[in-house]
> 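Would you mind keeping the following structure in view while I ask a few things?
Side-chain atoms are counted along with the backbone in the values below, which use heavy atoms only and exclude waters and symmetry mates. Residue numbers start from 1 in every chain, and the chains themselves are labelled A, B, ... in the order their sequence lines are given, proteins ahead of strands. Remember, it's a predicted structure, so these values are computed and weren't measured experimentally.
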Amino acid sequence: MPELPEVETIVHGLNSCLAGRRIKELIFLSPHLKNKQPPSALRPEAYRALKIDKIWRRGKMIVFSFQDRRGLLIHLRMTGQLYLAEPNQPLDRHTHARMTFLKLRRELRFRDIRKFGFLCCLEMGEIEKRLKAELGPEPLDIELREFLERLKQHGKKRLKGWLLDQKIIAGIGNIYSDEILFRAGLLPERKAGSLSLAEAKKFWRAMRSILKRAIELKGSSISDYVDSTGQRGEFQKQHRVYGRKGELCFRCRRGRIEKKKICGRSSFFCPVCQS
DNA sequence: AGCCCATCCTGTCCGC
DNA sequence: TGCGGACAGGATGGGC
């Protein structure tokens, strides 16, 4: 479900409400979360009375860091949600964990319809190790120079797959990859190594401006995405290609947006003004 | 090396 | 209205 801008929004909301708070209890509600814990995982009971230092994000991963170097590593994948609820709000069969706090009425819930996501109880050292091994640089931190290097290094990949590869750059998913490529005027099937310097610079700038704008607008609410406080994002109103199959291109006003499966994901692009 | 495909799940939507 | 199939914001692993 969520990509970098949505995860950023969720994390920001959670951090402002929960940083510095002490946990009362962390409770797993369904067996599937327990089954997803790696062998090195801590038990949920180990989090009782721990204080949350902060909640932050790396790529699409969400990290809770606690005192005593304990942590939680969370990935929402397609349908995961992390939100604050009133205790009397009903729990459905898709709610897999809840966390309660001292001196706070509301509780945190982890809900995930398709069960692709995970919430793992790990030592911080373990979490840092995994983030390092699994994720490339942040798209809003990477400098042009390194961006160019990575384009060359993975030059045989198509731009779509290049953007979606979390080891190359972390945090971009299907919606933002299409919106970035549209803004850059590049076709998703172009090879990463085929860009001129001017094209690559435009691509880098497009990535930054799309993600910054999406964060400002608190992400894209398509179907039912809401942030930790139940607020919808607004960036879906600025989508130029995603979900617009057959519609007229907003930029050239001649092409019709095409939809095609590329690198395993449906991709939207304008065949006239992307090349 | 990198693409395609199936897979992990459940819900929704579309065409008949 | 019911039913079957396609599809969904993610990621991985096998086969080619």
> C:dG10 P sits how many Å from A:D178 CG, rounded?
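Going from A:D178 (CG) to C:dG10 (P), I get 10 Å.
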
> Salt bridge between A:E216 and A:R213, side-chain N to carboxylate O under 4.0 Å?
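Salt bridge flag = yes for A:R213 with A:E216.
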
> Check the distance between C:dG10's C1' and A:H75's NE2 and give it to me in whole angstrom.
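Those two atoms, NE2 and C1', are 6 Å apart.
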
> Using the P atoms only, state how far C:dT1 lies from B:dT10, rounded to an integer number of Å.
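It works out to 27 Å between them.
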
> Less than 4.0 Å between a side-chain N and a carboxylate O, is that true for A:K60 and A:E8?
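No salt bridge links A:E8 with A:K60.
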
> Between A:E138 and A:R57, is the closest basic N to carboxylate O distance under 4.0 Å?
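A salt bridge is present here (some side-chain N lies under 4.0 Å from a carboxylate O).
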
> Is it true that the side chains of A:K160 and A:S177 contain a donor and an acceptor less than 3.5 Å apart?
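Distance-only check passes for A:K160 and A:S177.
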
> When the nearest nucleotide of DNA chain C is assigned to A:E6 and to A:E134 on a heavy-atom basis, which residue is associated with the more 5' position?
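Per heavy-atom nearest nucleotide, the more 5' residue is A:E6.
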
> Check this for me, if you would: do A:D92 and A:R111 make a salt bridge, where the nitrogen-to-carboxylate-oxygen distance has to be below 4.0 angstrom?
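A:R111 and A:D92: salt-bridged.
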
> Within the structure, does a side-chain N or O atom of A:S266 lie under 4.0 Å from either OP1 or OP2 of C:dA8?
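Yes, because at least one side-chain N or O of A:S266 sits under 4.0 Å from OP1 or OP2 of C:dA8.
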
> Got a sec, which residues hit salt bridge (Lys or Arg N to Asp or Glu O under 4.0 Å) with A:K237, two or more places apart in sequence or on another chain?
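Listed in chain order: A:E234.
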
> Say we look at B:dG2 and C:dG9: how far apart would their C1' atoms be, to the nearest angstrom?
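These two C1' atoms come out 23 Å apart once rounded.
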
> For A:R145, is there an ion pair with A:E143 - N to carboxylate O distance below 4.0 angstrom?
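Looking at A:R145 together with A:E143, the answer is no, because their closest N to O distance does not fall below 4.0 Å.
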
> Listed in order of residue number, which residues of residues 111-124 of chain A have a non-hydrogen atom at under 4.0 Å from DNA chain C?
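The stretch gives A:R114, A:F116 as the residues lying under 4.0 Å from the strand, ordered by number.
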
> Quick one: is C:dG9 close enough that its OP1 or OP2 comes under 4.0 Å of any side-chain N or O from A:Y242?
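For C:dG9, OP1/OP2 do have a side-chain N/O of A:Y242 under 4.0 Å.
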
> Please state how far atom CZ in A:R265 lies from atom C1' in C:dA11, giving the value in whole angstrom units.
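For the pair A:R265 CZ and C:dA11 C1', the rounded distance is 9 Å.
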
> Hey, is A:R150 close enough to A:E146 for a salt bridge, meaning N to O under 4.0 Å?
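Looking at A:R150 and A:E146, the cut-off is met.
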
> Work out how far the P atom of B:dC4 is from that of C:dA8, and round it to whole angstrom.
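It works out to 15 Å between them.
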
> Looking at DNA chain C, which of residues 148-173 of chain A put a heavy atom within less than 4.0 Å of it?
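Residues of residues 148-173 of chain A under 4.0 Å from DNA chain C: A:Q166, A:G173.
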
> Give the stems involving DNA chain B, where a stem is 3 or more consecutive Watson-Crick or G-U wobble pairs (i with j, i+1 with j-1, and so on) under 3.5 Å.
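B:2-8 with C:10-16, B:10-16 with C:2-8 - these are the stems of 3 or more pairs that involve DNA chain B.
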
> Taking the C1' atom of each, how far is B:dC5 from C:dA6, in whole Å?
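Comparing C1' positions in B:dC5 and C:dA6 gives a spacing of 16 Å.
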
> Can you list everything that forms a side-chain contact (heavy atoms from CB on, under 4.5 Å) with A:P87? Sequence neighbours excluded, please.
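A:R105, A:E107.
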
> Nearest whole angstrom, please: distance from the P of C:dT12 to the NZ of A:K36.
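About 12 Å, once rounded to whole Å.
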
> Taking only residues two or more places apart in sequence, or in another chain, which ones meet A:K191 in a salt bridge (Lys or Arg N to Asp or Glu O under 4.0 Å)?
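Result, salt bridge (Lys or Arg N to Asp or Glu O under 4.0 Å) vs A:K191: none returned.
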
> Walking along DNA chain B from 5' to 3', note the first and the last nucleotide with an atom under 4.0 Å from a heavy atom of chain A, and give both.
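Result: B:dG2 to B:dG11.
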
> Residues two or more places apart in sequence or in another chain: which of them pass side-chain hydrogen bond (donor to acceptor under 3.5 Å, both in side chains) with A:D165?
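With sequence neighbours excluded, A:D165 shows a side-chain hydrogen bond (donor to acceptor under 3.5 Å, both in side chains) to A:K157, given in chain and number order.
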
> Using a heavy-atom cut-off of under 4.0 Å over every strand shown, decide if A:H94 touches base, sugar-phosphate, or nothing.
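Here A:H94 touches the backbone only, sparing every base.
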
> So, using ring pair (Phe, Tyr, Trp, His ring centres under 6.0 Å) as the criterion, who are the partners of A:Y225 when residues are at least two apart?
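For A:Y225 there are no ring pair (Phe, Tyr, Trp, His ring centres under 6.0 Å) partners, ignoring immediate neighbours.
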
> Using whole Å, what does the distance between atom P of nucleotide C:dG10 and atom CD1 of A:I74 come to?
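Result: 18 Å.
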
> Can you give me every donor-acceptor pair (side chain of residues 179-187 of chain A, partner residue at least two apart or in another chain, under 3.5 Å) with its distance?
residue: A:E179; atom: OE1; partner: A:R240; partner atom: N; Å: 2.7
residue: A:E179; atom: OE2; partner: A:R240; partner atom: N; Å: 3.2
residue: A:E179; atom: OE2; partner: A:V241; partner atom: N; Å: 3.0
residue: A:E179; atom: OE2; partner: A:Y242; partner atom: N; Å: 2.8
residue: A:R183; atom: NE; partner: A:S209; partner atom: OG; Å: 3.0

> Tell me: CZ of A:R77 to C1' of C:dA8, nearest whole Å?
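Rounded to the whole Å, the gap is 15 Å.
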
> Would you list the pairs meeting salt bridge (Lys or Arg N to Asp or Glu O under 4.0 Å) in which at least one residue belongs to residues 14-27 of chain A, sequence neighbours left out?
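Passing the test, one end in residues 14-27 of chain A: A:E25-A:R48.
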
> Which whole-number value in Å describes the distance from A:E179 CD to C:dG9 P?
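One finds 13 Å between P of C:dG9 and CD of A:E179, rounded.
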
> Go through the structure and list residues passing ring pair (Phe, Tyr, Trp, His ring centres under 6.0 Å) with A:F269, not counting sequence neighbours.
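Per chain and number, A:F269 pairs via ring pair (Phe, Tyr, Trp, His ring centres under 6.0 Å) with no residue.
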
> Could you state the atom-to-atom distance from CG of A:L76 to P of C:dG10 in whole Å?
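Atom CG in A:L76 sits about 11 Å away from atom P in C:dG10.
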
